[in-house]
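Since the model is a prediction, treat every value here as computed from it, not as a measurement.
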Amino acid sequence: MSEIKKVAVIGGGTMGNGIAHVFAMNGYDVKLIETAQEFVDRAMNTIDKNLSRMVAKEKISEAEKEATLDRIQPHLTIPGAVLDADLIVEAVPESYELKKKIFTEVDLHAPEHAIIASNTSSISITKLAAVTKRPEKVIGMHFFNPVPVMKLVEVIDGLETEKQVTESIMQTSEKLGKVPVSANDSPGFVSNRVLMPMINEAIFCVYEGVADPEAVDNVMKMGMAHPMGPLRLADFIGLDVCLDILNVLYDGFKDPKYRPCPLLVKMVDAGKLGDKTGEGFFTY
Ligand code: 3HC
């Protein structure tokens, strides 16, 4: 398997800009694809800001920051950006239809040897692989927010993922300074299958009047040493994203233990999505 040198990241949102940031900081040439100039500008500004934070903390030098930014080339369309890529990482919102469209287009234009990875938090890798003519080269590369800080990359094999592809992505993750953990394709993989029921149960505690959000979070922060309580974390992830993932678990296993709490559904309906809307279980 040839060495991965050139990477295309599709999507410059919270996860996409973090993924572009860590690849570029570790010497990879990165093409960052967004749908409009304003989104590209926003992504590049966020990367600049997060790199400056690292300079201020003396984790990298100003020269390393500039070199990292120089390695990221923004693009507005997929074909030209993936033409010479060794690895494409898709990090667009959690819609199967949207990802299907992108996987089809990437498969058409990327070189034959290229690996196509998805940063999906719960959509089936096997199902995404099936829309391409290279299911053996499709894999899950699941990063965690904030990407420059969190150590884990959950590497998910689809039904047909080749062993060499898994090995290549595990090695690449290590080169990013991350710790890769391998899992098989299954609803929510490991991370969200364990995390989301905890978050959902925390919401049920509020819904049933067991305790208020602050008390629930304090229990988990001070009793279990979690850096953020589950409700603060839910706001940070996005309540809409939490609901989508719980629905994937619920539909995937047909098991009522994954049913989303009605309070979560109601908050998403009301547009209270957490940090990104300024209000969720807490206000920002
Ligand atoms: N880029 C670069 N550095 C960053 C950063 C960013 N975006 N965000 C934070 N940092 C750095 C800070 O500079 C600081 O560095 P230091 O340790 O050298 O001082 C360090 O991270 C800690 O940040 P802060 O001091 O500002 O704040 P906290 O100590 O409160 O930590 C946190 C913030 C790292 C977010 C911490 O609260 C945490 O670990 N929370 C849990 C996050 C988590 O669970 N993420 C996973 C979500 S699930 C997911 O993403 C998967 C999806 O499928 C749902």
Side-chain angles (χ1 to χ4, degrees), residues 11-18 35 39 42 46 91-101 118-124 127-128 140 142-147 150 154 186-284:
T14 310
M15 299 306 287
N17 74 56
T35 49
F39 299 135
R42 196 193 298 168
T46 305
V92 304
E94 288 294 278
S95 149
Y96 171 68
E97 289 308 319
L98 176 61
K99 288 183 194 282
K100 182 178 165 186
K101 189 170 158 277
S118 177
N119 176 57
T120 181
S121 49
S122 59
I123 291 172
S124 163
K127 204 166 150 185
L128 289 174
H142 186 201
F143 290 84
F144 292 80
N145 186 21
V147 180
M150 304 310 280
E154 194 177 28
S186 176
F189 320 131
V190 174
S191 54
N192 281 315
R193 183 166 175 180
V194 176
L195 176 64
M196 287 302 156
M198 180 190 70
I199 287 177
N200 201 35
E201 215 50 45
I203 302 171
F204 268 110
C205 285
V206 175
Y207 179 64
E208 292 171 6
V210 178
D212 65 22
E214 206 177 341
V216 171
D217 272 15
N218 279 339
V219 167
M220 300 306 287
K221 275 195 294 185
M222 284 175 259
M224 286 78 181
H226 288 201
M228 285 175 163
L231 299 171
R232 174 70 195 92
L233 182 57
D235 281 353
F236 182 64
I237 292 169
L239 299 189
D240 51 341
V241 176
C242 294
L243 180 58
D244 283 348
I245 299 171
L246 278 162
N247 279 326
V248 168
L249 288 167
Y250 186 58
D251 294 341
F253 291 113
K254 308 276 184 274
D255 185 331
K257 79 175 171 188
Y258 299 110
R259 77 220 177 284
C261 178
L263 176 59
L264 174 63
V265 177
K266 207 192 266 185
M267 289 179 73
V268 172
D269 285 346
K272 295 181 194 297
L273 307 181
D275 295 30
K276 61 186 157 194
T277 59
E279 199 183 346
F281 288 99
F282 302 97
T283 45
Y284 304 96

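Here I199 contributes atom CD1 and L239 contributes atom CG; the two are 9.0 Å apart, rounded to the nearest 0.5 Å. Rounded to the nearest 0.5 Å, atoms CE (M267) and CG (L243) are 11.5 Å apart. Going from atom CG of D217 over to atom NE2 of H226 covers 10.5 Å, rounded to the nearest 0.5 Å. Taking OG1 from T120 and CD1 from I245, the interatomic distance works out to 8.0 Å, rounded to the nearest 0.5 Å. Interatomic distance, H142 NE2 to S122 OG, rounded to the nearest 0.5 Å: 8.0 Å. Residue I203 holds its CD1 atom at 9.0 Å from CE of M196, rounded to the nearest 0.5 Å.
Looking only at distances, no side-chain donor or acceptor of N145 sits under 3.5 Å from a matching main-chain atom of M15. Without hydrogens or angle criteria, D235 side chain to F282 main chain gives a donor-acceptor distance under 3.5 Å. Side-chain atoms of D240 do not come within 3.5 Å of backbone N or O of L273 as any donor-acceptor pair. Not one N or O on the side chain of R232 forms a donor-acceptor pair closer than 3.5 Å with the backbone of G229. Here the side chain of N192 pairs no donor or acceptor atom with the backbone of L195 at under 3.5 angstrom. Within the 3.5 Å criterion, the main-chain N or O of D244 finds no donor-acceptor partner in the side chain of E94.
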(request) For the pair V241 and K276, evaluate side-chain contact (heavy atoms from CB on, under 4.5 Å) and give the outcome as yes or no after the intermediate values. (result) CA-CA 11 Å; V241 176; K276 61 186 157 194; 4.1 Å; yes
(request) Determine, step by step, whether V248 and Y96 satisfy the side-chain contact (heavy atoms from CB on, under 4.5 Å) criterion, reporting the C-alpha distance in whole Å, the side-chain angles of both residues, the deciding distance to 0.1 Å, and the verdict. (result) CA-CA 11 Å; V248 168; Y96 171 68; over 6 Å; no
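Of all heavy-atom pairs spanning E154 and S191, the tightest one is OE1-OG, 2.6 Å. Contact between P256 and Y250 at its shortest, heavy atoms only, is CA-CE1, 3.8 Å. In terms of heavy atoms, L231 sits closest to P213 at CD1-CA, 3.5 Å.
Under a cut-off of 6.0 angstrom, the local environment of NZ in K127 is sparse, with at most 12 non-hydrogen atoms contributed by other residues, nucleotides or ligands.
The aromatic rings of F204 and Y207 lie perpendicular to each other, with more than 60° between the two planes, well past the 30° mark.
Legend: residues meeting salt bridge (charged side-chain N to carboxylate O under 4.0 Å, His left out) with K272, ordered by chain and number and at least two apart, are E279.
Side chains of Y258 and P187 form no contact here, defined as non-hydrogen atoms less than 4.5 Å apart.
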